[in-house]
Amino acid sequence: MEQFQGQNSTPPSGSIDKSRVLEIKPLRCLVPIFPSQPNSTSFNTPQGAAPFVCSSPSGPFPPGAAPFYPFFGVPGSQGPHGHNPQTTPSQTPPFRFNTPVSDAVPINSFRAGDTTPSRKVTRRNAKSQPQDGVAGEADTDAEGVNTRLRKKGSMDPEVDNILTSLNIITLDPARQNDGDKDSVEYALLIFDLLRRKIAQIEDSKGSSPGIIKRPDLKAGTILMTKNSRTNATKRMGSVPGVEIGDIFFFRFELCLVGLHSPSMAGIDYLRVNLEEEPVAVSIVSSGGYEDDVEDGNVLIYSGQGGNLNIDQKLERGNLALKNSLERGKEVRVIRGVKDVANPSGKVYVYDGLYKVEESWVEKGKGGCNVFKFKLIRLRGQPEAFTMWKLIQQWKDAISSRIGVILPDLTSGAESLPVSLVNDVDSEKGPEYFTYVPTIKYSKEANSTDFSSGCACAGGCLPGNQNCDCIQKNGGYLPYVANGVVANAGQLIYECGPSCLCPPNCKNRVSQGGLKVRLEVFRTKDKGWGLRSWDPIRGGAYICEYAGEAIDNSNIEALDRDMDDYLFDATRSCPPILPSDSSEDMKMPFPLAINAKNVGNVARFMNHSCSPNVIWQPVLRTNNKEPDLHVVFHAIRHIPPMTELTYDYGMLPPEKMGRRKKLCLCGSSKCRGFFAI
DNA sequence: GGAACTCAGCAGTAT
DNA sequence: ACTGCTGAGTTCCAA
């Protein structure tokens, strides 16, 4: 399938992808300067006479030189709609590049049903060709029937068991059609839990070459048939319960929360009534952002359909976007950006509402017509995509981050730096402590796990039932792709020093150090807190709780100063799913960690009654010493710069006593206090 | 190590 | 019936 991927972009002001632009317009050109500003000297040559100036097509432009179509607007009289709201007469470029008029074609002349051969015909022709064959079509039909049958249930007993254990709720019809924060959170949570469990089962069946597993599609289909979706009524404008800046890792997630319905197509549209043609409601731009110097409030979007050899047509999504332009309707924009943690994957950022400002037609790589739409972000919306660009600048040069106290408070102890930032008050930093990346056992704990470990020399493979470590985890590898934990809140048996598998074994996720770029920052009212510059997948490993392991029985005797930095693993916290009735987490031996004097980033994570992080115990196979760790995983996808919080939990009433603290989390589900 | 290629996949729309 | 800015796996190529 030949798409026009990557052609949508924020118009760059620095570099530009030459291969994509050269055939449309010269990349750099000599723009004559007219003496519009007699005193202007900045672009003069040493000799004083500067008949020409070198300028990138996207600027910046010296005084008197003009940006040129198509990068900054269709020349007024050539525009499809006769006027350009952004270009008033006084702003009209004083000079227009001598563009062949034929390039600025009125978009209406591309209406479907014109002279160009229809794609439908083309496809039928292709089907009738020998290589596709009649037998192939019959197989497809049979497969199609199977697919429809499969929709009735998962057709996999193990997946059915999961469905039972997850106790998926079919949302009431009102919330299926019009959601809220809770229904959106629920739909996303249940999708990801189901997806991860299906992935775990599929992985355990081993891989057969050529067969591509799509746990995302399986989970999505199940939830669609069970009506565990929300905002199913298509609408224009914002979607209840979905906030600007929310992130997604699968297209199906956009569908389940009503942000963007099609599972693949980039343009979603809606026919308000039968008399009117449809208008666009949302678009997904999967362009990536190589040339990101621009402010991020502009998007040049390529239309759908067509390919290297076939013109795009003004129908479906393309027509809807043109209608949105003409009627001044707002369009939701979801931007796809490369996932730093998984370069082959994408993160989708909901970037709020835009308006289509203009449209035109360009020749694509193969010389065929491609529609282009310029969208401008509505003002007054919270930052989203622009924040991502800002963070990239911080990564390139930490000095550009305002309020940095220390570029790396770990002094190199972690694989990634952790910056210390205060842009709120004059506090110079937290009390002194020694940074260690992992837990320190000072004396023998009552470890009961002295097994010798697995013998998987090439790394533990999901499906290998002879692997001791997989057996300890109930026959499954506890992690799925991207180091995401399959089950939240259970004891994980990781490979350890006694195992023969290499350090990159898939069952050593918590041993690879930090994977996301973290920042300790000054909160407004809770002292110091922790957040990430990178997006975090639901279930992804964040960090462990480092500090000095202490005997749980001595906790009550500890100095009260320790309280703020104490992790007591006997605390219980509510399950992620309200419907989850599984028993309390099993700890191999009692454990508490004191991070007052010695610790890592985890000591800065605050409590919340609506947390986005959960802890779980990890026992590494080690026949010499206790090797129990407390690690943190994301409960759901966490956008950059969102404070990371976990539920400190509760103690039995008789133990709460002095270890009860007033809660400041501000969540609607706040219990009022928590245990320390 | 990453870009290019390959292919099964499914919801929604149009017919 | 038909479409598409998927997503994961494989292959290939430039270092």
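Here the structure is a predicted model, which is why all the values come from computation and not from measurement. The basis for the numbers below is simple: all heavy atoms, side chains too, and nothing from hydrogens, waters or symmetry mates. Protein chains get the first letters and strands the later ones, always in sequence-line order, with residue 1 at the start of each.
Regarding contacts with the backbone of C:dG4, every side-chain N or O of A:Tyr269 stays at 4.0 angstrom or more from both OP1 and OP2. Contact annotation: A:Lys346 side-chain N/O to C:dT6 OP1/OP2 distance is under 4.0 Å. Residue A:Ser286 places at least one side-chain N or O closer than 4.0 Å to OP1 or OP2 of C:dT6. An OP1 or OP2 oxygen of C:dT6 is reached within less than 4.0 angstrom by a side-chain nitrogen or oxygen of A:Arg251. Note on A:Ser263: every side-chain N or O is 4.0 Å or more away from OP1 and OP2 of B:dG9. The phosphate of B:dG12 has OP1 or OP2 within less than 4.0 Å of a side-chain N or O from A:Arg229.
Partners of A:Asp216 under the side-chain hydrogen bond (donor to acceptor under 3.5 Å, both in side chains) rule, at least two apart in sequence or in another chain, are A:Arg214. The side-chain contact (heavy atoms from CB on, under 4.5 Å) search around A:Pro240 returns A:Asn231, A:Arg235, not counting sequence neighbours. Judged as a salt bridge (Lys or Arg N to Asp or Glu O under 4.0 Å), and not counting sequence neighbours, the contacts of A:Arg195 are A:Asp192.
Nearest-nucleotide assignment on DNA chain C puts the 5′-proximal partner with A:Pro262, out of A:Phe252 and A:Pro262. Residue-to-nucleotide proximity on DNA chain C shows that, of A:Ser344 and A:Gly266, the 5′-proximal contact is made by A:Gly266.
Residue pairs satisfying the salt bridge (Lys or Arg N to Asp or Glu O under 4.0 Å) criterion with at least one member in residues 246-263 of chain A, sequence neighbours excluded, are absent. Here salt bridge (Lys or Arg N to Asp or Glu O under 4.0 Å) pairs that include residues 254-271 of chain A, with residues two or more places apart or in two chains, are A:Lys234-A:Asp268.
Under 3.5 Å, the side chains of A:Lys372 and A:Ser302 contain a donor-acceptor pair of N or O atoms.
For the strand DNA chain C, secondary-structure stems (runs of at least three Watson-Crick or G-U pairs, all distances below 3.5 Å) span B:1-8 with C:6-13, B:10-13 with C:1-4.
Judged by distance alone with a 3.5 Å cut-off, no donor-acceptor contact links the side chain of A:Arg316 to the base of B:dT13.
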